[in-house]
Protein chains: 2
Amino acid sequence: MRLSIDPSSAEPLFDQIARSLRQALASGALRPGDRLPPAKDLAEILKVNLHTVLRAYALLRDEGLLEVRRGRGTVVVSPSEKQIDPRLSQAVAHLLMEAHRVGLTENELIRLITRSFRANIGYDSISGEGE
Amino acid sequence: MRLSIDPSSAEPLFDQIARSLRQALASGALRPGDRLPPAKDLAEILKVNLHTVLRAYALLRDEGLLEVRRGRGTVVVSPSEKQIDPRLSQAVAHLLMEAHRVGLTENELIRLITRSFRANIGYDSISGEGE
DNA sequence: ACCTATTTGTCCGTATGTATG
DNA sequence: CCATACATACGGACAAATAGG
């Protein structure tokens, strides 16, 4: 896994790292189930601080790309095959269109979805994985 | 504005602060347009680190509740800016229904949204953020 | 146009806590 | 119990955006 970082860039380091990892995931260089190096190790390789890598990991975790857990490390999430349902993807496309129309940012949209999801489902079925 | 923090609680400090602020917003103690104290000041009041407060502010900004900007400070977003468009909320409800139908977990749904969001961003008209 | 103060943003280093194996 | 690895918090430094003199 080869990640290149430019300390002189205006783009924050944690964003650069996250973007590199996203690309590695998209290109298949990182595949589902693959374990990423411990943040401490990657930090030494990239010559950045531990927190900078942890922040990048956390970012991708919030995007649903990585599973990051204490003591265990960081693993690439396996994609579910459920998303190919045509009605679902149509609903997604429609939502994105509406979101763009009202100028929602990605973060705002994610928050909206998260809240709505929890509100609709209720908290009784979340016991599996929470905290 | 009276926020109470419990350092001995298991709940992270930045979460406690964010939750207190959320409640102040919900109760009307903090109203749209109100300016929050500089993070440094609030940190001294609560006897926590500056970064802890900044993290709480950033959290609420990502939720669309606050507008946080360098040099300018932190203000409560006006409701009109975050008001849910009926067509948007309808799209959200529809998506959640479809997602539930195919048994998507929250994490899977978030991943699907973020990926689609990035993939469908063809417009480089993101310059509208300033004013 | 310049300078200064304010305020958030990023990054670093260190310490300690917590979950996992 | 112990090692691993992420999570939180603290503190300090500097940068960048903003506001005001």
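Below, chain A is the first sequence line, B the second, and so on; all start at residue 1.
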**Request:** Find the distance B:K40:NZ to D:dC10:P and express it as a whole number of Å.
**Result:** 16 Å
**Request:** Please list all pairs passing the side chain to side chain donor-acceptor pair (under 3.5 Å) test where one or both residues lie in residues 6-32 of chain A, with sequence neighbours left out.
**Result:** A:D6-A:S8, A:E11-A:R19, A:R22-A:E63
**Request:** Run the numbers on A:L21 and A:L3 for side-chain contact (heavy atoms from CB on, under 4.5 Å), then give the verdict.
**Result:** CA-CA 8 Å; A:L21 289 173; A:L3 308 177; 3.8 Å; yes
**Asked** Under 4.5 Å between side-chain heavy atoms, hopping through other hydrophobics if needed: is there a path connecting A:L42 to A:V68?
**Response** yes
**Message:** Please confirm whether the shortest side-chain N or O distance from A:T74 to OP1 or OP2 of D:dC6 is below 4.0 Å.
**Reply:** yes
Pairwise N/O distances under 3.5 Å, protein to nucleotides 17-21 of chain C:
residue: C:dT18; atom: O4'; partner: A:R70; partner atom: NH1; Å: 2.9
residue: C:dT18; atom: O3'; partner: A:R70; partner atom: NH1; Å: 3.1
residue: C:dT20; atom: O4'; partner: A:R70; partner atom: O; Å: 3.4

**Prompt:** If you look only at pairs with a residue in residues 32-53 of chain B, which of them pass as a salt bridge (charged side-chain N to carboxylate O under 4.0 Å, His left out), with sequence neighbours excluded?
**Reply:** none
**Request:** Find out whether B:I113 and A:L95 are in side-chain contact, i.e. whether some heavy atom of one side chain is under 4.5 Å from a heavy atom of the other.
**Result:** yes
**Message:** Any carboxylate oxygen within less than 4.0 angstrom of a Lys/Arg side-chain nitrogen, looking at B:E98 and B:R101?
**Reply:** yes
**Item:** Euclidean distance, atom CD of residue A:E67 to atom C1' of D:dC6 [Å, nearest integer]
**Value:** 13 Å
**Residues in contact with DNA chain C, drawn from residues 12-26 of chain A - heavy-atom cutoff 4.0 Å** = A:P12, A:L13, A:F14
**Request:** Hey, could you give me the OG1/CG distance between A:T74 and A:L60, rounded to the nearest 0.5 Å?
**Result:** 9.5 Å
**Prompt:** Is there side-chain contact between B:L36 and B:L30, with at least one heavy-atom pair below 4.5 Å?
**Reply:** yes
**Prompt:** Taking CZ from B:R35 and C1' from C:dT6, how many angstroms apart are they, rounded to a whole number?
**Reply:** 9 Å
**Asked** Atom CG of B:L42 and atom P of C:dT6: how far apart are they, to the nearest Å?
**Response** 18 Å
**Asked** D:dA7 phosphate, OP1 or OP2: any side-chain N/O from A:R61 under 4.0 angstrom?
**Response** yes
**Fill in**
B:L46 atom CG is separated from D:dA9 atom C1', nearest whole Å, by 14 Å
**Message:** Of the listed nucleotides (C:dC12, D:dA5, C:dG9), which one gets closest to any side-chain atom of A:N49?
**Reply:** C:dC12
**Item:** side chain to side chain contact (heavy atoms under 4.5 Å, CB included) involving B:A39 - partner list, sequence neighbours excluded
**Value:** B:L50, B:V53, B:L54, B:Y57
**Asked** Does any residue of residues 51-60 of chain A have a heavy atom under 4.0 Å from DNA chain C, and if so, which ones, in number order?
**Response** A:H51, A:T52, A:R55
**Message:** Can you give me the closest heavy-atom contact between B:A18 and B:A56, atom names plus distance?
**Reply:** N-CB, 3.9 Å
**Message:** Could you tell me how far apart B:L66 (CG) and C:dG9 (C1') are, to the nearest whole angstrom?
**Reply:** 16 Å
**Asked** Is the closest side-chain heavy-atom distance between A:L112 and A:L104 below 4.5 Å?
**Response** yes
**Prompt:** What is the distance, rounded to the nearest whole Å, between atom CG of A:L50 and atom P of C:dA15?
**Reply:** 14 Å
